[in-house]
4 protein chains.
Amino acid sequence: MAIVLGPNQYGKAETHLVRITRDTPRHEIVDLNVTTAMRGDFSEAFVSGDQRRVLPTDTQKNTAYVWSKTHDPDPIEEYGLSLARHFVEVEPIVAARIEIERFGWKRVAIDGTEHDHTWIRSGEEIRTAAITVEKSGESHVVQGLKDFVILKSTGSEFKDFLIDEYTTLQPTTDRVMATSLVAQWRVSGDLDGIDWNGMYAGVKSAMVERFANLHSLALQQTLWEMGRAALELYPQIAEIRLSAPNKHHFLVDFSHFDVENNGEVFHADDRPYGLIQTTVERDDAPPAGDAWRISAGLA
Amino acid sequence: MAIVLGPNQYGKAETHLVRITRDTPRHEIVDLNVTTAMRGDFSEAFVSGDQRRVLPTDTQKNTAYVWSKTHDPDPIEEYGLSLARHFVEVEPIVAARIEIERFGWKRVAIDGTEHDHTWIRSGEEIRTAAITVEKSGESHVVQGLKDFVILKSTGSEFKDFLIDEYTTLQPTTDRVMATSLVAQWRVSGDLDGIDWNGMYAGVKSAMVERFANLHSLALQQTLWEMGRAALELYPQIAEIRLSAPNKHHFLVDFSHFDVENNGEVFHADDRPYGLIQTTVERDDAPPAGDAWRISAGLA
Amino acid sequence: MAIVLGPNQYGKAETHLVRITRDTPRHEIVDLNVTTAMRGDFSEAFVSGDQRRVLPTDTQKNTAYVWSKTHDPDPIEEYGLSLARHFVEVEPIVAARIEIERFGWKRVAIDGTEHDHTWIRSGEEIRTAAITVEKSGESHVVQGLKDFVILKSTGSEFKDFLIDEYTTLQPTTDRVMATSLVAQWRVSGDLDGIDWNGMYAGVKSAMVERFANLHSLALQQTLWEMGRAALELYPQIAEIRLSAPNKHHFLVDFSHFDVENNGEVFHADDRPYGLIQTTVERDDAPPAGDAWRISAGLA
Amino acid sequence: MAIVLGPNQYGKAETHLVRITRDTPRHEIVDLNVTTAMRGDFSEAFVSGDQRRVLPTDTQKNTAYVWSKTHDPDPIEEYGLSLARHFVEVEPIVAARIEIERFGWKRVAIDGTEHDHTWIRSGEEIRTAAITVEKSGESHVVQGLKDFVILKSTGSEFKDFLIDEYTTLQPTTDRVMATSLVAQWRVSGDLDGIDWNGMYAGVKSAMVERFANLHSLALQQTLWEMGRAALELYPQIAEIRLSAPNKHHFLVDFSHFDVENNGEVFHADDRPYGLIQTTVERDDAPPAGDAWRISAGLA
């Protein structure tokens, strides 16, 4: 009936690191927000304040910076794996978690010619990676994206739903469907030789195709089809998790005016919003271990 | 080797609901951000698009509004439990998750007299509750707070830490310690008769006392002591989870100027920040079930 | 018909500076976000890139830090005036603009005893100051507050408004009125001997009293009365500017349910919102000069 | 020595309006955040609470929605002018201010074929317009952009600056230069027949070219050249205002490690930041009137 220390971790969150490659006049840019978290037996730091087993979070930050010079930060998954494998070699550390956000930059083109060293921040989505490495060698990569806003102006229904005494919603056979997608897909086990950039582009493209081309009876159905498309394309993906706010676009009521509104003018509302969250997985997927145990949560 | 639907849930997130009690000239205000999520077998909604078992998120929103009239929204834990128990009575729903943020309002006083119907938003912290109710009757309440920023200007050290080749941090025996605390504590099982408002005030007060009075050797030690204080005070609490960014206050370097800086002038930095996360628990705590399975995540 | 350089300024925005006074065991904290901007003839920096007249923004930041040690940062208006007067002594600088946000901290009390060195961030409002000093000696202080959220649950009407063919709003004689107030009041000319902290408390208190006690026919009327109360109280104030979003609280429609909603359950909407902006001034106010010319805009 | 009402305005801020054109299977989307503000003699609404001259902000919102159906919302400048001209025909309204943010959407392409009704939100920048129309007919359009983040990894110096006793900054002949640009350019007088979309693309393109190709001695110089390029291209533009945070990228100090950092690894800092603000104008520009008098400030 004692009070005891439970699961814990610590690290440095949101090191905003920009890596320029300038070996030739044509530079490259990689822009990352890196979070590191260490796991192991740090109970003395908590219980008695003894820091002898604690690698400072400041050191973790320094290491993330140095690593971006000594190891290619692109793809971010390889960089994260390498950094995590380094940390688990430090004696008290039993597992390392690296969470990365990658911000997009588009090379400037002037009169059709790409510029050597100027870019514009491209906000289409944020690419994410969450890498977990155990000292035992067990490793997981959760690749993903967030802030990916996609909309279709037709081809979406919502009808024949359950009705109770508090239901006032009218069914519709044609609505705007929009979401700001968070998607994360897990690769566990043998991580060698994976074309991470190819996989990222492939999953994104497959999900966009499904969203666009499926005549949707519900956001649930669209998410299932998007997840399925990703898993069909890449046998290495064990599971995909999707979190999708239903960004409501309400048709504005024009009945008081001498003007028709045939699905043309919408109020894009902020809150509240529907929120659909699901996993699509293989029935023989390898165990997830701590693959989904977050640190800063890709803040 | 099939692709199958995994865990899923859906609901209405962030219904911003303000409830005024006006039975007497002295009004009361309760200001809530309510998220509801339903769990059960909704596979047909995903796989075939059949919505017959889906209670619309719009209906969930309506219900949350009505419930704030027919049931006292204060304390939020009782309101949430009552709302969740209603939802699990709807046929296909096997479990309901209610997440609530409560925003503070302070009654205006004019010349020492409290005003009947005017308040100022008090931003000290946001109170949170996450209620999980299973159709089986199993229930959990996770009470908590977030955005609680607390700082001490002395009484905090960080030294004798692990040093590796990437360590440049200097030890210190006197620093500013500040965090924006997220704390969540779980009560499971018999939830009747608990004085939720009393518990909230008690846990907050105990944590503040420990933060202030403990001479801290590390943020880890402070968190352990804060969590321990909460569990010692309330035997009903099974565990507490603490997430604490180390909001760095860097002493500004005055060495180039003819002025001393003896722990007086600091740069409050934004990013990166240390992040310490831990659980303090009873070794005989009842199982957590889905108590920690989030929906919108108290967004 | 030439293209010429127009008005310009430059500086360091958002230096987040925390000043601890620790001369006795009972510490004090002042938490500031300081923006500095320099005005003068910097045309060569623009037109030819010649930086010889440009005091780096990094130097401005250093100076703001040092100044918080050598000059009391409380009240912020005196600190800002002193810092601005220093800058206009640097040769090319003709005028300096200092914008300050002050964040509130509340001293922790434990069992009724105030703690010497621990505080909680108090988010009730952010106090602001914008100081303009010309090399000529002309000076202005614009004191203010922002993010001040105030609500009354009755005592507010909106009716008998102009109606055109696009009007669907129904009049009301009882509604919730809420705003997130930005108020800024100008003191020009002789700035010596003003009790800035007293004035801040006095204006805030007078505005709160008017908001609460006036039976309001419109947010416009409430703002006028609030501004008038401030000017009546402090003859030194030349004018006050108020910007007030009408944070709509919509009564939720319960007509489909067997429950009444007599001004009790509201949806607090995010966007769009009404926005009322006005100035209340003395008809013999001294000229404002550049008192309202912003830099970072109290971001 | 009386207290009087000064300048005022009121309106509806941030109506988030999405307009779908669906006359053919290939739909179009225009996504706008519209703010309207009315100016005139509304003193009775303030002083006595009499609303008879006040067109409700709710009506303004309705009108903005209807207008997006009856008038093409693309280009936003024409839509805003038309809406403003409508409002000044309502009797008490003397001037109308319309502020618009336009969010970018990129049509989805699947296997190289553009999709008829699906788009991805493209966050490169937000296009803005601020339209002012006086009942007298005087009109101004301020076209612009914001949140436009652009970076060059070389070709930027900062040296030979003014040094005082608080200066510690080291000069550099090669640094990263990055900003999140706000640019607004004014067209006054005869607004007929202007190709607004062409002008927007042209100004943006000219500014990007200058940012990229100018070897910069200071952000000031870059801004001057960018502004000049815009005005040279479009004789209709009377002036351009630029506000540019210097988003500091600090070279990480690797001197303690056995690794070199030759302008390759940077810490992208949040605050504080330099802030350069300037106007580039024609010396015979027509008067600006209220062209720069903001309402919600393109929030």
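We name chains A, B, ... by the order of the sequence lines, and we start the count at 1 in each one. Here the structure is a predicted model, which is why all the values come from computation and not from measurement.
Counting heavy-atom pairs closer than 4.5 Å to chain B, the top-ranked of the candidates Leu55(A), Thr57(A), Thr15(A) is Leu55(A). Of the listed residues (Asn246(B), Leu231(B), Leu219(B), Asp270(B)), the one with the most heavy-atom contacts under 4.5 Å to chain A is Leu231(B). Top candidate by heavy-atom pairs under 4.5 Å with chain B, chosen from Leu5(A), Asp284(A), Thr279(A), is Thr279(A). Of all the listed residues (Leu223(A), Leu275(A), Val47(A), Ile163(A)), the one sharing the greatest number of non-hydrogen pairs under 4.5 Å with chain B is Leu275(A). Heavy-atom pairs under 4.5 Å with chain B peak, among Thr36(A), Asp50(A), Thr168(A), at Thr168(A). For the options Gly274(B), Ala37(B), Ala2(B), heavy-atom pairs under 4.5 Å to chain A are most numerous at Ala2(B). By number of non-hydrogen pairs under 4.5 angstrom with chain B, the leading residue of Val280(A), Leu217(A), Leu162(A) is Leu162(A). The choice from Tyr10(A), Phe46(A), Phe158(A) that makes the most heavy-atom pairs within less than 4.5 Å of chain B is Phe46(A). Note on Arg52(B), His248(B), Glu225(B): by heavy-atom pairs under 4.5 Å with chain A, the leading option is Arg52(B). For the set Ala13(B), Ala45(B), Gly49(B), the count of heavy-atom pairs under 4.5 angstrom toward chain A peaks at Ala13(B).
Only the backbone of Arg53(A) comes within less than 4.5 Å of a heavy atom of chain B; no side-chain atom from C-beta onward does. Residue Thr59(A) touches chain B through both its backbone and its side chain, counting heavy-atom pairs closer than 4.5 Å. Interface remark: Glu232(A) contributes backbone and side-chain atoms alike to the contact with chain B (heavy atom separation under 4.5 Å). At a 4.5 Å heavy-atom cutoff, Phe42(A) makes no contact with chain B through either its backbone or its side chain. Using a 4.5 Å cut-off between heavy atoms, Ser216(A) makes no contact with chain B at all. Using a 4.5 Å cut-off between heavy atoms, Lys61(A) contacts chain B through its side chain alone, with no backbone atom that close. Proximity to chain B is limited to the side chain of Asp58(A), based on heavy atoms less than 4.5 angstrom apart.
Residues Gln51(A) and Ala218(B) approach most closely at NE2-CB, 2.9 Å, considering heavy atoms.
In this structure the side chain of Tyr273(B) never reaches within 4.5 angstrom of the side chain of Lys247(B), judged on heavy atoms. Between Thr179(A) and Thr222(A) the shortest side-chain heavy-atom distance does not fall below 4.5 Å.
Against chain B, the residues from residues 62-70 of chain A that qualify, each with a non-hydrogen atom under 4.5 angstrom away, are Asn62(A), Thr63(A), Val66(A), Trp67(A) in number order. Contacts between residues 238-245 of chain B and chain A, defined by a heavy-atom separation under 4.5 Å, are made by no residue at all. For residues 84-97 of chain B, the interface with chain A (any heavy-atom pair closer than 4.5 Å) comprises His86(B), Val90(B), Pro92(B), sorted by residue number.
Remark: Glu165(B) pairs with no residue by the side chain to side chain contact (heavy atoms under 4.5 Å, CB included) rule, at least two apart or across chains.
Under a 4.0 Å N-O distance rule, the pair Lys146(B)/Glu101(B) qualifies as a salt bridge.
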